Amino acid sequence: MNTDPDCLFCKIVAGEIPSEQVYSDEQLIVFKDINPKAAVHLLIVPREHIISLKELEKKHDSLIAHIMHLLPKIAQEQGLENGFRTVINTGTGGGQLIFHLHFHLLGGEGLSGAGFSRAV
Ligand code: 5GP
Ligand code: ZN
């Protein structure tokens, strides 16, 4: 599995940098964003170092399907019965700061505030 020793999220996946994990399995980990934009702000991070959506390959299909099915389950566990928002920033033009693919899961109080407000 591809990893990058200089990547912050690879270091978090490896446990070299601490994080507040809420879920993990053989394919990914889920932890709290260090700078939350809503009451619930989690990051779903594949264990493999994939830079962004642009670098996804056919071999990642099962991983992506797994994440899509997991998102509502994690949201429910977090008490987000009324719904949640999923954000994927891709590239500098998309506001991506950490170049290791991740899915933001946001919900609860503060969701409509600055940072991830609805664009349309
Ligand atoms: P991006 O803009 O790349 O989609 O978002 C990166 C996210 O990672 C930001 O929301 C930021 O707050 C979060 N983040 C950056 N560094 C750390 C860290 O060391 N720990 C945790 N838990 N989150 C981080
Ligand atoms: Zn990485």
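Sequential numbering from 1 along the given sequence is applied to the chain's residues. Counting convention: from 1, in listed order, for ligands and their atoms alike. Being a predicted model, the structure only gives us computed values, none of them experimental.
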Relative to each other, are the rings of F9 and F31 parallel, tilted or perpendicular (30° and 60° limits)? perpendicular
Does ligand 1 come near enough to H102 that some N or O of the ligand is less than 3.5 Å from an N or O of the residue? yes
Do L56 and V13 sit in one hydrophobic cluster, given that two such residues count as connected whenever their side-chain heavy atoms are within less than 4.5 Å of each other, even indirectly? no
Testing the basics here: between T3 and C10, what is the closest heavy-atom pair and its distance to 0.1 Å? CA-SG, 4.0 Å
L43, portion touching ligand 1 at heavy-atom distance under 4.0 Å: side chain
Ligand 1 atoms in contact with F31 (distance to a heavy atom under 4.0 Å): 21 (C), 22 (N)
Does I67 share a hydrophobic cluster with I98, counting links as ILVMFWY side-chain heavy atoms below 4.5 Å and allowing steps through other members? no
For E55, does the CD atom have more than 12 heavy-atom neighbours from other residues, nucleotides or ligands under 6.0 Å away? yes
Counting each atom of ligand 1 from 1 as listed, which ones have a heavy atom of F9 under 4.0 Å away? 8 (O)
Please confirm whether S19 approaches ligand 1 to less than 4.0 Å, judged on its heavy atoms. no
What atoms of ligand 1 come within less than 4.0 Å of a heavy atom belonging to N35? 12 (O)
In this structure, does ligand 1 have an atom that sits under 4.0 Å from one of the heavy atoms of F99? no
Non-hydrogen atom of H104 closer than 4.0 Å to ligand 1: yes
Mind checking what makes ring-ring contact (aromatic ring centres under 6.0 Å, His included) contact with H49, not counting sequence neighbours? H100
Give yes or no for whether the N/O distance cutoff of 3.5 Å, strictly under, is met between K37 and ligand 1. no
Side chain to side chain contact (heavy atoms under 4.5 Å, CB included) against I17, all qualifying residues, sequence neighbours excluded: L8, K11, I12
Other residues, nucleotides and ligands only: do more than 12 of their heavy atoms fall within 6.0 Å of CD on E20? no
Using the rule that two of Ile, Leu, Val, Met, Phe, Trp, Tyr join whenever any of their side-chain heavy atoms come within less than 4.5 Å, decide whether L70 and V40 are in one cluster. yes
Sorted by chain and number, sequence neighbours left out, side chain to side chain contact (heavy atoms under 4.5 Å, CB included) with S24 holds for Q21, I29, R47
Joint hydrophobic cluster, Y23 plus F84, side-chain heavy atoms closer than 4.5 Å: yes
Over 12 foreign heavy atoms within 6.0 Å of CG, N82: no
Out of L42, I17, I34, whose heavy atom sits nearest atom 17 (C) of ligand 1? I34
Can you list the atoms of ligand 1 that are under 4.0 Å from a heavy atom of N89? 1 (P), 2 (O), 4 (O)
Any N or O of Q96 closer than 3.5 Å to N or O of ligand 1: no
Which of the atoms in ligand 1, numbered in the order shown and given with their element, are less than 4.0 Å from a heavy-atom of L97? 1 (P), 2 (O), 3 (O)
Protein N, O or S within less than 2.8 Å of the Zn ion (ligand 2), waters excluded: C7 SG, C10 SG, H49 ND1, H100 ND1
